[in-house]
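Note that this is a predicted model, so its numbers are computed, not measured.
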Amino acid sequence: IVSAEKCLPEPIWFQKRKMICVWLIAIYMVVWGISYLFPQDAEVIFVDVGQGDCTLIKTPKRKTILIDGGGNHDWSAQNWDVGEDILIPFLLRNGIRHIDIMILSHPHRDHIGGLLSVLSHLKVDALFRGIGDYENEDLEIMEELCKKNRIKTYLLQQGDQIQIEKDIHMKVLFPPKGKGPISDEEANNHSLVCLIRIKGIDILFTGDIERETEAKLVEEYPDLRADILKAAHHGSNTSNTDEWIRLIRPRMVAIQVGKNHFGHPGPEVLERFEQNHIHVFRNDQDGAIILRIDRQNVRVKTMLKREIE
């Protein structure tokens with residue numbers, strides 16, 4: 001038995017609404033298909049999170065890679081939470097609700113803090129971090145969130161290589177295998193160091209390594225070069241040695257630094273970059289530093305305008 005109600009024709013307004021939905025889905029599929037077949041420029045953003053590290057990479061095929069997330073104690077002292085108040089709003093404003101790859105250089109608060117908020121609010125597919133047995137409350141929280149949200153976790157070590165997509169490749173330079181328990185004081189020098197090649201442009205991410213680790217890398221990788229260097233440890237003079245800079249020979253350096261009482265970046269470090277004719281960009285003076293990469297060309301845009309001497 002078929003009821004009379006089910007045989008009635010659909011109202012005109014309902015038919016139109018269905019048609020609009022069909023057209024919107026069709027348009028979305030066409031746009032998605034075009035973006036997949038004809039990849040866009042890659043974009044690398046050194047996000048301004050104050051005194052901390054945070055880099056967002058948007059690949060040509062629109063994958064998202066988040067390296068560190070800021071989270072300095074100075075912000076929390078002012079009732080600020082870098083993840084909740086800066087990083088999450090930044091990602092949402094840029095239409096990002098999904099992170100394909102999250103990378104943690106090391107579990108100090110000014111690197112891991114904001115990532116905890118991202119793990120709590122957004123979908124994350126995979127977490128990459130260096131090997132090492134840390135005892136750290138934030139890292140324990142991160143591991144619990146990954147387990148709760150069924151996020152795959154990969155421990156990376158020297159020699160690992162990852163093909164992210166056709167024109168994006170990551171090579172892990174540090175830390176080496178075989179290190180046992182790591183103290184908080186050793187965490188900087190056990191940071192994950194990775195070289196990411198995007199469309200022929202090499203970007204070297206260094207976490208907070210200091211001169212001891214830089215010296216090891218100089219010895220182990222005598223031919224190491226990078227077009228762009230993320231300055232180690234916010235431009236500290238305990239890092240960024242002249243020998244290291246002369247080895248890498250970058251065209252530009254990004255210093256992820258905010259208001260601080262550590263003296264970052266060190267005047268001696270800035271002088272070394274200047275003597276080596278390296279363009280310096282820094283979050284405390286330039287705001288977010290945005291790179292667009294296409295066919296080995298790099299265009300740099302900053303959110304704050306300042307006079308370049």
Side-chain angles (χ1 to χ4, degrees), residues 43-58 63-129 136-146 148-149 151 184 187-188 191-192 205 207-208 230-231 233-236 254-265 281-291 301-306:
E43 190 172 66
V44 179
I45 305 174
F46 295 96
V47 186
D48 182 8
V49 289
Q51 180 68 5
D53 275 16
C54 180
T55 305
L56 175 69
I57 299 174
K58 294 192 281 187
K63 288 182 180 176
T64 51
I65 304 168
L66 186 63
I67 305 175
D68 289 335
N72 191 270
H73 290 290
D74 290 344
W75 288 96
S76 60
Q78 302 172 28
N79 296 319
W80 273 87
D81 182 287
V82 171
E84 298 288 340
D85 300 313
I86 296 179
L87 184 52
I88 293 293
F90 165 80
L91 293 172
L92 294 178
R93 279 199 308 270
N94 283 272
I96 296 171
R97 290 171 172 77
H98 171 223
I99 301 297
D100 292 281
I101 298 174
M102 176 181 285
I103 300 175
L104 173 66
S105 66
H106 66 296
H108 280 165
R109 174 57 63 87
D110 56 341
H111 294 255
I112 193 174
L115 297 182
L116 301 180
S117 298
V118 174
L119 288 167
S120 298
H121 296 292
L122 303 183
K123 177 177 171 52
V124 178
D125 286 347
L127 169 69
F128 293 170
R129 67 179 183 88
N136 179 288
E137 182 181 354
D138 285 333
L139 188 57
E140 289 178 6
I141 294 171
M142 171 174 275
E143 290 172 345
E144 290 174 3
L145 287 168
C146 287
K148 176 184 175 182
N149 297 321
I151 297 168
D184 190 63
N188 281 350
S191 293
L192 186 67
F205 292 91
D208 277 357
K230 198 289 296 182
H233 203 186
H234 321 292
S236 169
I255 305 178
Q256 296 227 261
V257 65
K259 184 179 179 181
N260 68 90
H261 55 270
F262 305 110
H264 299 160
F281 296 90
R282 41 193 288 190
N283 288 133
D284 60 339
Q285 294 183 352
D286 296 307
I289 304 159
I290 304 164
L291 313 181
K301 175 184 175 183
T302 60
M303 293 304 295
L304 301 178
K305 293 184 179 180
R306 66 179 173 97

Q: Step by step, work out the side-chain contact (heavy atoms from CB on, under 4.5 Å) result for Asp53 and Lys230.
A: CA-CA 9 Å; Asp53 275 16; Lys230 198 289 296 182; 2.6 Å; yes
Q) Would you call Phe90 and Ile96 a side-chain contact if the rule is heavy atoms closer than 4.5 Å? A) no
Q. Going by heavy atoms in the side chains, are Lys63 and Ile101 under 4.5 Å from each other?
A. no
(Q) Testing the basics here: between Leu116 and Ser120, what is the closest heavy-atom pair and its distance to 0.1 Å? (A) O-OG, 2.9 Å
Q. Where is the tightest heavy-atom contact between Asp100 and Asp125, given as atom of each residue plus distance?
A. O-CB, 3.3 Å
Q.
For a quick test of reading the model, state the closest non-hydrogen atom pair linking Asp81 to Glu84 and the distance between them.
A. OD1-N, 2.8 Å
Q.
With rounding to the nearest 0.5 angstrom, report the CG to NZ distance, Asp286 to Lys301.
A. 13.0 Å
Q: Kindly indicate, with the supporting measurements, whether the criterion side-chain hydrogen bond (donor to acceptor under 3.5 Å, both in side chains) is fulfilled by His108 and Asp138.
A: CA-CA 8 Å; His108 280 165; Asp138 285 333; over 6 Å; no
Q | Side-chain touch Gln285/Leu304, heavy atoms, less than 4.5 angstrom | A | no
(Q) Using side-chain heavy atoms (C-beta onward) and a distance below 4.5 Å, is Arg282 in contact with Ile289? (A) no
Q: Output the distance between atom CD1 (Ile99) and atom CD1 (Ile57), rounded to the nearest 0.5 Å.
A: 11.0 Å
(Q) Could you measure the distance from the CD1 atom of Ile290 to the CZ atom of Phe46? Nearest 0.5 Å is fine. (A) 11.5 Å
Q.
Can you tell me how far apart CZ (Arg97) and CG (Leu122) are? Round to the nearest 0.5 Å.
A. 8.5 Å
(Q) Using a 3.5 Å distance criterion without hydrogens, assess whether the side chain of Asn136 forms a donor-acceptor pair with backbone atoms of Pro107. (A) yes
Q) Do the side chain of Lys259 and the main chain of Gly50 share a donor and acceptor less than 3.5 angstrom apart? A) no
Q. Is a donor on one side and an acceptor on the other found under 3.5 Å between the side chain of Asn149 and the backbone of Ile151?
A. no
Q: Would you indicate whether the side-chain heavy atoms of Ile141 and Ile112 approach each other to under 4.5 Å?
A: no
Q. Can you tell me how far CE of Met303 sits from CG of Asp48, rounded to the nearest 0.5 angstrom?
A. 10.0 Å
Q | Residue that, paired with His111, satisfies side-chain contact (heavy atoms from CB on, under 4.5 Å) out of Asp68, Val49, Leu192 | A | Asp68
Q) Which heavy-atom pair separates Asp110 from His234 by the least distance, and what is that distance? A) OD2-NE2, 3.0 Å
Q) Is His121 close to Leu92 at the side-chain level, that is, under 4.5 Å between some pair of heavy atoms? A) no
Q. Is the backbone of Gly287 close enough, under 3.5 Å, to the side chain of Asp284 for a donor and an acceptor to pair up by distance?
A. no
Q. Are the side chains of Thr55 and Val44 in touch, meaning some heavy atoms are under 4.5 Å apart?
A. yes
**Q.** Thr302 OG1 to Asn283 CG distance, which is reported to the nearest 0.5 Å
**A.** 10.5 Å
(Q) Are the side chains of Ser117 and Leu87 in contact, using a 4.5 Å heavy-atom criterion? (A) no
Q | Lys58 versus Asn94, closest heavy-atom pair with distance | A | NZ-OD1, 4.2 Å
Q.
Using the side-chain contact (heavy atoms from CB on, under 4.5 Å) definition, which of the options Leu119, Leu115, Val118 pairs with Leu145?
A. Leu119
Q: Using atom types as modelled and distance alone, determine if a side-chain donor or acceptor of Ser191 lies under 3.5 Å from a backbone N or O of His106.
A: no
Q | Side-chain ion pair, Glu143 and Arg129, N-O less than 4.0 Å | A | yes
Q: Heavy atoms only: give me the nearest Val47-Gln256 pair and the separation to one decimal.
A: O-NE2, 3.0 Å
